[in-house]
Every structure is written in C-alpha cells, then in structure tokens.
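First up is the structure itself, then whatever we jot down about it.
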Amino acid sequence: MIYVSEDESAALVTHELAFEAVRQALVAAASDLSGVFPAVLGRSKEPTNTFSVKSGWSAELTGVKVGSFWSGNPALGLPRHNSTIVLLDQGTGRLRAVIEAGKVNAFRTAAADAVATDLLARKNARVLAIFGAGNQASYEVAALARVRPIEEVLVVSRPSERRDAFVAQIRQSGPDARIASAEEAVRAADIVVTATPSREPLFESAWVGAGTHVVSMGSDAPGKHELPADLYPRASLFCDLLSQSIQIGDFQHARTAIDAGTLTVTPIGDVIEGRAPGRRSESEITVFDSSGISLQDLFMADALIRAKG
C-alpha cells in the first residue's frame, strides 16, 4: 500500500502537474469509460464542521476523496480545509494508496478552472475579477495567470486583514491588484471567478460585458448560488460533469431549463476532445460551472504517485 503524507504531496504538487492530471480527468468524465457517483455531504456534531465524500472510477482508477472543512482548526494552528484520497486496486478492490491532499486539493480545483479558461477565455484576456479572498483564491489567480496574460486582478471581498494580505501577495507575484466593488470588477473584467460560499448571486447579469468568461467555483453544495441565473440565457454554458453540476453546482439554479432543453450545457471534456466547440466569437459570453468531481482527485493521486517514483 502506498502512503503519501500531506508534507510530501504538498512538495510534489505543481500547477503543471495539476493541469495535466485534471485535463485527463475531464476528458475521462466526458467519456463512456468512467463513472462519478453522487457526492455525499455530511458534518460532525458541530454543524460548522462539514465534509464531502466524492467517488468514481475510470478505465484505470477507482477510489474516493474525503474533503473536510473544520472551522476551529486555525486556533490549533491547522488549516480549515483538508482532503484525503483513497485509491483502490482495480483488480482486487484492496487498498492501493492513501494520499493526504489538503494543499493538492487547492491545486486540483484551480487546475480545472485553468483548463476551462484556456479553452474558453479570449486569448488576450488581461483583467481578472475574483470574488473571495479565502484559501482557494490565490491558487485560482496563479493557475489562470499561467494560461492568460493577466495584468490586473480586481479583488471583491469584505474588508479583512486576509483580503489585504491577498492583494499584497498578488502584487508580489507579478500582476497589479486592487480592491474593487462587485460592479466595477465585473464591468472591467475579461475573466470573472467566484470563489465563495455564497447562497445568493454575487453580481448582476447586466454588468457582464460581451466576451467575458465566467467561472463559478464556490458552488459545490445544494443551496450555494454565486451567479445570476438570468446570465445563463445570454451565455454559452460549460461544466465539468452535468449530472453533478445540476445537483450541487451553480447550474442547480437552472436545472428546470436544462432538463427542458431550453438551456444547453457542454461538458468541457467534449471541448478538449474536439467533439464540441469552445469559444466561437470574441463577443460570446462563456460560463464554466466548476463543481469539482471525484475523477479530478483520482487522476491527481495517480500523478502524485508517479511523481513520487
């Protein structure tokens, strides 16, 4: 049995590794040779301590990822977010590997958004608006800056020391960064990323200009809601996996229209494989619902095992 500790996985993971692994996972998700089971959401005796169990299989991999959010961990000197990936042997069902993947999970999530952005955002996209300044936000900025020439980052978040530190961190890494209102940021942005736990839309559809690429990353449970639903009829819609997106992603709020065929959603894996178009014009608005699927975790785990050697 292979074991990879949190320290070891954090030392092995890179944006490059994550991009390639997640790209393969998204291709697998859009094929007939994979399966993703409904996410199980739970909590401990403290309602603020929550976890999810995501499981699935591909031609080569079978396993589960347990992701947890323990609100009191900072007082113990520990991160709130943690993840553990378990791979099973395809032939026997016995335990193949256990990978502690707290930091890896942040790379994995950002990688999915980078893969989609590379296919859907305009080539000259330079202004990124990001909602949220939490754990995931810095990984999103770094991953997207690898695939587009980001020159300015507009941060939309409530006042806090963490927000100010986040802005300073971005400036140190290269792009200019400043705090902006929701309307200012969305109107100015070429790319909009929402990385929040919001349960109501963060901005108005009318603020989204022609040619903008929008990513909902924070909607990963029933009731979460980051994007205005009236944006969807104006845009071309894409997702990691439709069956999960309409259950726990932001497209849960457009499920009736999607089920009726009024709105069409394209799996990003079909775009990668050339079975469906990505961006078709400079004026097209594109939306990617990034609900986070188990196959991303399984392919990340496999890539880390190979990197470990």
Using only atom types and a distance under 3.5 Å, with no angle test, would you say the side chain of [X] pairs donor to acceptor with the backbone of [Y]?
{"X": "Thr212", "Y": "Val208", "answer": "no"}
{"X": "Gln252", "Y": "Ala221", "answer": "yes"}
{"X": "Glu6", "Y": "Gly102", "answer": "yes"}
{"X": "Gln244", "Y": "Gly292", "answer": "yes"}
{"X": "Asp250", "Y": "Glu226", "answer": "yes"}
{"X": "Thr117", "Y": "Asp113", "answer": "yes"}
{"X": "Ser31", "Y": "Ala28", "answer": "yes"}
{"X": "Gln296", "Y": "Asn105", "answer": "no"}
{"X": "Arg126", "Y": "Arg148", "answer": "no"}
{"X": "Glu100", "Y": "Thr84", "answer": "no"}

Can you tell if the side chain of [X] reaches within under 4.5 Å of the side chain of [Y], non-hydrogen atoms only?
{"X": "Ser52", "Y": "Val66", "result": "no"}
{"X": "Asn49", "Y": "Ser71", "result": "yes"}
{"X": "Met300", "Y": "Val13", "result": "yes"}
{"X": "Val115", "Y": "Leu26", "result": "yes"}
{"X": "Glu284", "Y": "Ser236", "result": "yes"}
{"X": "Asp220", "Y": "Ser290", "result": "no"}

Going only through I, L, V, M, F, W and Y residues with side-chain contacts under 4.5 Å, is there a path from [X] to [Y]?
{"X": "Tyr139", "Y": "Val156", "value": "no"}
{"X": "Phe107", "Y": "Leu304", "value": "yes"}
{"X": "Val265", "Y": "Phe238", "value": "no"}
{"X": "Phe288", "Y": "Leu227", "value": "no"}
{"X": "Ile272", "Y": "Leu298", "value": "yes"}

Phe131: partners by ring pair (Phe, Tyr, Trp, His ring centres under 6.0 Å), with sequence neighbours left out: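 Phe131 satisfies ring pair (Phe, Tyr, Trp, His ring centres under 6.0 Å) with Phe203 only.
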
Donor on one side chain, acceptor on other, Glu20 and Gln24, under 3.5 Å: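 Result is no, nothing qualifies.
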
Donor-acceptor side-chain pairing of Ser291 and Asp240 below 3.5 angstrom: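 Ser291 vs Asp240: donor-acceptor pair found between side chains.
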
Within 45° cone and under 6.0 Å: Arg43 NZ/CZ vs Phe51 ring: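 The answer is no; the distance or angle limit is not met.
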
Qualifying residue for side chain to side chain contact (heavy atoms under 4.5 Å, CB included) with Ile99, from Ile305, Val86, Asp297, Val104: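 So, applying the side chain to side chain contact (heavy atoms under 4.5 Å, CB included) to Ile99 and each of Ile305, Val86, Asp297, Val104, only Ile305 qualifies.
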
Within residues 300-309 or reaching into it, pairs that qualify as side chain to side chain donor-acceptor pair (under 3.5 Å) - sequence neighbours excluded: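 Pairs touching residues 300-309 that pass the test: Glu8-Lys308, Arg96-Asp302, Asp302-Arg306.
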
Residues which pass side-chain hydrogen bond (donor to acceptor under 3.5 Å, both in side chains) with [X], listed by chain and number, not counting sequence neighbours:
{"X": "Ser283", "result": "Ser281"}
{"X": "Arg171", "result": "none"}
{"X": "Lys54", "result": "none"}

Value rounded to 0.5 Å, distance of CD1 in Ile170 from OG in Ser138: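 Interatomic distance, Ile170 CD1 to Ser138 OG, rounded to 0.5 Å: 8.0 Å.
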
Spacing of Ile85 atom CD1 and Arg108 atom CZ [to the nearest 0.5 Å]: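 The CZ atom of Arg108 is 8.0 Å from CD1 of Ile85, to the nearest 0.5 Å.
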
Within residues 186-203 or reaching into it, pairs that qualify as salt bridge (charged side-chain N to carboxylate O under 4.0 Å, His left out) - sequence neighbours excluded: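 Every salt bridge (charged side-chain N to carboxylate O under 4.0 Å, His left out) pair that includes a residue of residues 186-203, provided the two are not neighbours, is Arg122-Asp190, Glu183-Arg187.
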
Contact summary for Lys45 and Pro47, nearest pair of heavy atoms: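 So the minimum-distance heavy-atom pair works out to O-CD, 3.5 Å.
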
His225 and His253 aromatic ring geometry - parallel, tilted or perpendicular at 30°/60° bounds: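 Because their plane-to-plane angle is under 30°, the rings of His253 and His225 count as parallel.
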
Electrostatic pair Glu184:Arg178 at N-O distance under 4.0 angstrom: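 Yes, Glu184 and Arg178 are salt-bridged.
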
